[in-house]
Chemist: 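Please find one structure pasted underneath; my questions will follow.
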Number of protein chains: 2
Amino acid sequence: MHLSQLELLCEITRVKSFSKAAKLLHLSQPAVSGQMHSLEDFYGVQLFERSSSGVSLTKAGEVVHKYAKEILGLHEALEKEIDTLLEEKNKNLVIGASSTVGNYALPCSIWDYKERYPHVNMKLIVSNADTVLSMLRQDEIHLALLEEEALLGSGEHYSSQQISNDELLVIAPPKKPWIDKSTITLSELKKAPLIIREKGSGILKIFEKIINSLGLTMDELNIMTEMGSIDAIKSTVEAGMGISFCSRLAVRKEIRNGTIHPLVIEGKQVKINYLIICKDEKELNTAARRFIRSMVGPGKTAFC
Amino acid sequence: MHLSQLELLCEITRVKSFSKAAKLLHLSQPAVSGQMHSLEDFYGVQLFERSSSGVSLTKAGEVVHKYAKEILGLHEALEKEIDTLLEEKNKNLVIGASSTVGNYALPCSIWDYKERYPHVNMKLIVSNADTVLSMLRQDEIHLALLEEEALLGSGEHYSSQQISNDELLVIAPPKKPWIDKSTITLSELKKAPLIIREKGSGILKIFEKIINSLGLTMDELNIMTEMGSIDAIKSTVEAGMGISFCSRLAVRKEIRNGTIHPLVIEGKQVKINYLIICKDEKELNTAARRFIRSMVGPGKTAFC
DNA sequence: AACAATTACGCACCACGTAAGGATA
DNA sequence: TATCCTTACGTGGTGCGTAATTGTT
């Protein structure tokens, strides 16, 4: 029996739903269903009461849950104890992240990790997607946290897992003509003064992909200027100098304060998937391997 | 990570050897090696010191071992607690065994099982292999413990796992002309007055297979009589009335006491494999599924 | 030479995701 | 209808056993 099945059971118990747990752990619903069926098969007992409004534990399920927490706790203690025996080379962990991830989309789990494995020397480098990827290629970093699209056309094959996702927004100043709208049409997008991130940015790659999928090229747009940082772009948009685009997470505060107005492209919900990437999972040191496990683990994908 | 990997680690630690643990758990040596490599990979640490005289735990290995015992103990407690919640139909377990297995080759684990799952109503039926197999076919028993050869030519497909093995011996009275020999030649075997088990016996099937593989048929032998029980055969041989054959386990005591003289067929070591058999593993109730797990588990194959 | 672990390789099975299906409010 | 879990199915990865290899006593 896999320990991950117990983790899954705990997560399902927490959120009382197969489908929610599947989302949180980046699995499909049938995969979760199948795992729990095989667990029920293993113990020979039904563990969940299924209903159309979610699931709840049976009596036997509660027994398993009780022990699962203990067992997983013990296993966590095991890893902590091994941690104290690690050699120096296994204690270093250098992570590269794109601006969006590094500045806004870091899951809390990265800090949980520091707490859980205090002996690890962790370093976080924030740059744009292309730069991070080239650092990975040259073994200057162990792991990269990037937008899915950063890998497009890179040719090489990397090993990757999804850690979280978000939505791409068009951002505008909170005034006419934008303030009354919640969507932006293609023709409005073509005319509006647009501020974009520099080449090599992951967010730019996503935006470009969308534009192309809508039958346009970038030079049909009214590109005003190019900026190397999200903060610079936000300030410029807030000052009313143009519109831009970014991850929803990057402008949570500004939207709440009303200093930036969010728009979605008409008829097009744009999803951003964030990945954790390495060259070869087999070659990773202990600290890095643990980091991956803790990032994709249960309940670890909430943002800070 | 699979719990079975922790069980394997504990077993290896106990016997200080990959190959011995492999035998005990009915796995190949490379399978064991591979599992432990993947465990080392999982924790990112070497767990064993390999030497040509076996293996020993590293410091990290001892940590894992310490926790593994706790975790496995906890998991055993889990199953025990679920046990108390079982419905009636899951508490019945009827097992059929061939004479040899039922009377002599029962692993201790069958009694451990009773202790571990005291709520199970276990019933053991001993008969010859064909009878047991037909009871399995008619769902009169849940599981069958038989010689591997019992399945030969049955046509149907069963699900089976090996639980133990033994050696087939020719048994003779402790007097001339046998007392000075440790092997018996083919021509001696043809002439000697032979007592055999009844048709349908698993041991007879094995013996027949061997005879055929040596280029003979049963009717070329000097078959004196046919008997339905091992005890009857043993008494007859002890009384000097002829020779016979059986599993080494069945005559351990008599060999030690010197009342029966064991022989092996010249140039032919005959291995007997004992299996645990069911119609369809998916259809088994909890008690039966647990029984299988406990029978093939670590350190459970020693005889009583 | 003998024994123990590893590597190589072919095969079978298992777990996943996608897509379609059924039950319930 | 919307939501949630289940079933069906094709695919890729993983674990197994057999056989050949390495290394140590």
Side-chain angles (χ1 to χ4, degrees), chain A residues 1-9 11-42 46-58 61 148 157-162 165 271 273 275 280-282 292 296, chain B residues 1-9 11-42 46-58 61 148 157 159-162 165 271 273 275 280-282 296:
Chain A
M1 201 256 318
H2 243 92
L3 273 201
S4 66
Q5 291 177 305
L6 295 184
E7 290 173 7
L8 190 45
L9 179 134
E11 185 67 2
I12 292 169
T13 305
R14 200 171 67 81
V15 301
K16 300 189 191 336
S17 152
F18 280 20
S19 44
K20 285 202 191 88
K23 274 215 186 68
L24 287 165
L25 299 180
H26 304 293
L27 286 167
S28 69
Q29 193 180 71
V32 170
S33 182
Q35 284 300 326
M36 290 305 100
H37 271 279
S38 92
L39 201 61
E40 290 179 323
D41 189 60
F42 181 82
Q46 189 164 341
L47 300 176
F48 296 97
E49 301 287 1
R50 277 91 165 162
S51 81
S52 55
S53 58
V55 294
S56 63
L57 289 173
T58 62
E148 188 174 21
H157 187 65
Y158 297 97
S159 163
S160 68
Q161 288 187 260
Q162 187 178 334
N165 60 68
K271 195 170 169 190
N273 289 325
L275 308 181
D280 181 3
E281 209 158 337
K282 311 269 176 194
I292 293 180
V296 297
Chain B
M1 201 255 321
H2 243 92
L3 272 201
S4 67
Q5 291 177 305
L6 295 184
E7 289 173 7
L8 189 46
L9 179 135
E11 185 67 2
I12 292 169
T13 305
R14 201 172 65 81
V15 300
K16 299 188 192 336
S17 151
F18 280 20
S19 44
K20 284 202 191 91
K23 275 216 184 67
L24 288 166
L25 299 180
H26 305 294
L27 286 168
S28 69
Q29 193 181 70
V32 170
S33 182
Q35 284 299 328
M36 290 305 100
H37 271 281
S38 92
L39 201 61
E40 290 180 323
D41 188 59
F42 180 81
Q46 188 163 340
L47 300 175
F48 297 97
E49 299 287 2
R50 277 91 164 163
S51 80
S52 54
S53 58
V55 294
S56 63
L57 290 173
T58 61
E148 188 175 18
H157 187 66
S159 165
S160 68
Q161 288 186 260
Q162 187 179 334
N165 60 68
K271 194 171 171 190
N273 290 325
L275 309 181
D280 181 3
E281 208 157 338
K282 311 272 175 192
V296 296

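Residue numbers begin at 1 in each chain, while the letters A, B, ... track the order of the sequences.
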Chemist: What's the CG-P distance between A:Leu25 and C:dC16, to the nearest Å?
Modeler: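 Whole-Å distance recorded here is 11 Å.
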Chemist: Where does the chain A footprint on DNA chain D start and end, counting 5' to 3' with a 4.0 Å heavy-atom cut-off?
Modeler: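 The footprint of chain A covers D:dC4 to D:dT7.
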Chemist: Under 4.0 Å, heavy atoms only, any strand: does A:Ser53 hit a base, just the sugar-phosphate, or nothing?
Modeler: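 The answer is nothing, as A:Ser53 stays clear of every strand by at least 4.0 Å.
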Chemist: Would you please name every residue forming a side-chain hydrogen bond (donor to acceptor under 3.5 Å, both in side chains) with B:Ser17, sequence neighbours left out?
Modeler: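 Residues passing side-chain hydrogen bond (donor to acceptor under 3.5 Å, both in side chains) with B:Ser17: B:Ser19.
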Chemist: In the 5'-to-3' direction, what one-character label does each nucleotide of nucleotides 20-25 of chain C receive under the scheme B = base within less than 4.0 Å of a protein heavy atom, S = sugar-phosphate only, - = no such atom?
Modeler: ----S-
Chemist: Once you round it to whole Å, what is the distance between P of C:dA5 and CE of B:Met36?
Modeler: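 Whole-Å distance recorded here is 13 Å.
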Chemist: What heavy-atom pair brings B:Val32 and B:Ala22 nearest, and what distance separates the two atoms?
Modeler: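 Heavy atoms only, the tightest pair is CG2-CB, 3.5 Å.
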Chemist: Starting at NZ of B:Lys23 and ending at P of C:dA5, how long is that distance when rounded to a whole Å?
Modeler: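 It is 10 Å, rounded to the nearest whole Å.
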Chemist: State which residues pass salt bridge (Lys or Arg N to Asp or Glu O under 4.0 Å) with A:Glu40; sequence neighbours excluded, sorted by chain then number.
Modeler: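 Per chain and number, A:Glu40 pairs via salt bridge (Lys or Arg N to Asp or Glu O under 4.0 Å) with A:Arg50.
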Chemist: Contact class for A:Val32 (heavy atom, under 4.0 Å): base, sugar-phosphate, or nothing?
Modeler: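 Contact class for A:Val32: none.
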Chemist: Taking only residues two or more places apart in sequence, or in another chain, which ones meet B:Gln5 in a side-chain hydrogen bond (donor to acceptor under 3.5 Å, both in side chains)?
Modeler: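 Per chain and number, B:Gln5 pairs via side-chain hydrogen bond (donor to acceptor under 3.5 Å, both in side chains) with B:Gln35, B:Ser38.
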Chemist: Under 4.0 angstrom, heavy atoms only, what part of the nucleic acid is A:Ser19 near: base, sugar-phosphate, or nothing?
Modeler: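 If one applies the 4.0 Å heavy-atom cut-off, A:Ser19 turns out to touch the sugar-phosphate alone, with no base involved.
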Chemist: Describe the nucleic acid contact of A:Ser17 in one word from base, sugar-phosphate, nothing, applying a heavy-atom distance below 4.0 Å.
Modeler: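 Answer is sugar-phosphate: A:Ser17 comes under 4.0 Å of backbone atoms only.
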Chemist: With sequence neighbours left out, what residues match B:Asp41 under side-chain hydrogen bond (donor to acceptor under 3.5 Å, both in side chains)?
Modeler: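 Once residues adjacent in sequence are excluded, B:Asp41 has no partner under the side-chain hydrogen bond (donor to acceptor under 3.5 Å, both in side chains) criterion.
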